[in-house]
Protein chains: 2
Amino acid sequence: MAYATAIESLADPTRRRIFERLRLGPAPVGVIARGLPVSRPAVSQHLKVLREAGLVVDQARGTRRVYSIDPAGLAELRAWLDQFWTEALTSFKAEVESAPRGPRRKA
Amino acid sequence: MAYATAIESLADPTRRRIFERLRLGPAPVGVIARGLPVSRPAVSQHLKVLREAGLVVDQARGTRRVYSIDPAGLAELRAWLDQFWTEALTSFKAEVESAPRGPRRKA
DNA sequence: GCTTACGGTAAGCAATAACTTACCTTCTGT
DNA sequence: ACAGAAGGTAAGTTATTGCTTACCGTAAGC
């Protein structure tokens with residue numbers, strides 16, 4: 001059920017930017033915030049959400065707190081998506097091939 | 001850039017339930033709504049969002065409108081996630097192995 | 001030991017969005 | 001042709017949430 005919090009976390013544009021920043025490598029809060037148009041506390045709050053979703057991990061380094069991507073949440077999300085994958089492909093193909101009648105949209 | 005609308009669409013619990021219902025096979029709006037605790041118009045609105053995100057397609061069948069999963073949006077989402085996959089695994093492994101100092105959380 | 005830097009938390013505000021009811025259009029069957 | 005069913009759209013309400021500023025704890029360096 002943890003895929004839910006993961007996907008909900010990544011729905012926010014700012015959190016996606018944070019997450020994508022971490023894809024380049026681990027970084028402390030201040031550095032992450034410097035590259036974004038929001039305040040440092042906002043970034044802290046976002047990182048908390050991402051951490052609780054299992055998408056990032058943090059590590060104390062003196063007074064800094066270095067964040068990096070946690071594959072755990074990513075794996076959950078991927079697993080959930082894959083549930084749809086084969087199923088969607090087969091049923092989609094069947095639909096398209098069998099029922100070509102009726103307008104698809106008004107105009 | 002379409003992965004953004006896809007992930008934002010699936011962030012909503014009700015839309016996820018709709019999407020998961022469609023995993024079982026195509027269904028008209030009324031049938032989908034009957035299995036959910038929200039009104040039919042709400043389902044219509046959700047389906048519109050999912051359609052614009054490329055996650056579902058609809059097909060007119062007389063007065064019904066049958067919805068089914070569209071693999072397109074799913075593919076975009078998967079591709080975006082995969083960008084993190086290898087990168088995250090390697091950098092995560094490197095982090096864990098190299099820096100075992102400092103408490104990870106306060107208590 | 002004191003100052004400074006870094007970052008998490010609290011409180012408050014404003015914008016978004018998920019729902020509702022009401023309405024209108026369109027297709028079907030008699 | 002008309003009655004009814006199915007569903008998309010409009011307008012309005014309410015809850016959520018992402019942001020801000022202010023504050024506090026803690027580790028590092030002189």
Side-chain angles (χ1 to χ4, degrees), chain A residues 4-22 26-53 55-68 99-107, chain B residues 4-22 26-53 55-68 99-107:
Chain A
T5 57
I7 203 167
E8 283 159 20
S9 299
L10 291 176
D12 182 75
T14 305
R15 276 198 290 269
R16 274 199 303 274
R17 288 189 63 178
I18 292 174
F19 199 60
E20 285 168 349
R21 165 62 184 81
L22 291 181
V29 180
V31 173
I32 300 173
R34 218 162 292 135
L36 294 174
V38 296
S39 70
R40 186 196 48 75
V43 173
S44 262
Q45 289 160 10
H46 282 309
L47 283 167
K48 182 181 184 180
V49 173
L50 289 170
R51 177 161 45 83
E52 287 172 352
L55 287 167
V56 304
V57 286
D58 63 313
Q59 199 170 20
R61 281 287 203 162
T63 169
R64 327 239 151 126
R65 199 161 271 277
V66 178
Y67 283 84
S68 45
R101 285 180 296 286
R104 302 179 70 83
R105 246 321 89 188
K106 187 188 294 181
Chain B
T5 57
I7 203 168
E8 283 159 20
S9 299
L10 290 175
D12 181 74
T14 306
R15 276 198 291 267
R16 275 200 303 275
R17 288 189 64 180
I18 291 174
F19 199 60
E20 284 168 349
R21 166 62 185 82
L22 290 181
V29 180
V31 172
I32 299 173
R34 218 164 290 135
L36 294 173
V38 296
S39 70
R40 186 196 49 73
V43 173
S44 261
Q45 289 159 9
H46 282 309
L47 283 167
K48 182 181 184 181
V49 173
L50 289 170
R51 178 161 45 83
E52 287 172 352
L55 288 166
V56 304
V57 286
D58 65 312
Q59 199 169 18
R61 280 288 202 161
T63 168
R64 327 238 149 124
R65 199 162 270 277
V66 177
Y67 283 84
S68 47
R101 286 178 296 286
R104 302 180 68 84
R105 257 301 102 184
K106 187 188 292 179

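Hydrogens, waters and symmetry mates play no part in the numbers below; they use all other heavy atoms, side chains included. The chains referred to below are lettered A, B, ... by the order of the sequence lines, with proteins before strands, and numbering in each begins at 1.
Residue B/R61 places none of its side-chain N or O atoms closer than 4.0 Å to OP1 or OP2 of C/dC27. Contact between the side-chain N/O atoms of B/S39 and the OP1/OP2 oxygens of C/dT20 is found at a separation under 4.0 Å. Contact between the side-chain N/O atoms of A/S44 and the OP1/OP2 oxygens of C/dG7 is not found at any separation under 4.0 Å. Between B/Y67 and D/dA6 there is no side-chain N or O to OP1 or OP2 distance below 4.0 Å. Taking side-chain N and O atoms only, A/R64 has no distance below 4.0 Å to OP1 or OP2 of C/dA5. For the pair B/T14 and C/dC19, the criterion of a side-chain N or O lying under 4.0 Å from OP1 or OP2 is met.
The nearest whole Å value for the distance from the CZ atom in B/R34 to the P atom in D/dA6 is 7 Å. Atom CG of A/D58 is separated from atom P of C/dG8 by 7 Å (rounded to the nearest Å). The CD1 atom of B/I18 sits 11 Å away from the P atom of D/dG8 (whole-angstrom rounding). Taking atom CD of residue A/Q45 and atom C1' of nucleotide C/dC13, one finds them 13 Å apart after rounding to whole Å. Atom-to-atom, CD of A/E52 to P of D/dT17 comes out at 13 Å; the value is rounded to the nearest Å. Atoms NE2 (B/H46) and P (D/dG7) sit 16 Å apart, rounded to a whole Å. Atoms CG (A/L36) and C1' (D/dG18) sit 13 Å apart, rounded to a whole Å. One interatomic measurement links the two molecules: CZ of B/R17 to C1' of C/dA18, which rounds to 15 Å at whole-angstrom precision.
Among the heavy atoms of the strands lying under 4.0 Å from B/P41 is at least one base atom, whether or not backbone atoms are also near.
At a threshold of 4.0 Å, the pair A/R15-A/E8 does not count as salt-bridged, since none of the basic side-chain nitrogens sits closer than that to a carboxylate oxygen.
With values rounded to the nearest 0.5 angstrom, A/R21 atom CZ is found 10.5 Å from A/R34 atom CZ. For the atom pair CG of A/L47 and CG of A/L55, the computed distance is 11.0 Å after rounding to the nearest 0.5 Å. Rounded to the nearest 0.5 Å, atoms CG (B/D58) and CZ (B/R51) are 5.0 Å apart.
For A/T63 and B/P28, each mapped to the nucleotide of DNA chain D holding its nearest heavy atom, the one lying further toward the 5' end belongs to B/P28.
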side-chain contact (heavy atoms from CB on, under 4.5 Å) evaluation trace for A/V57 with A/S68: CA-CA 6 Å; A/V57 286; A/S68 45; 3.5 Å; yes
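Side-chain atoms of B/R40 lie closest to D/dG8 of the nucleotides D/dG8, C/dG7, D/dT20.
Taking only distance into account, the side chain of B/R65 never meets the base of D/dG7 through a donor-acceptor pair shorter than 3.5 Å.
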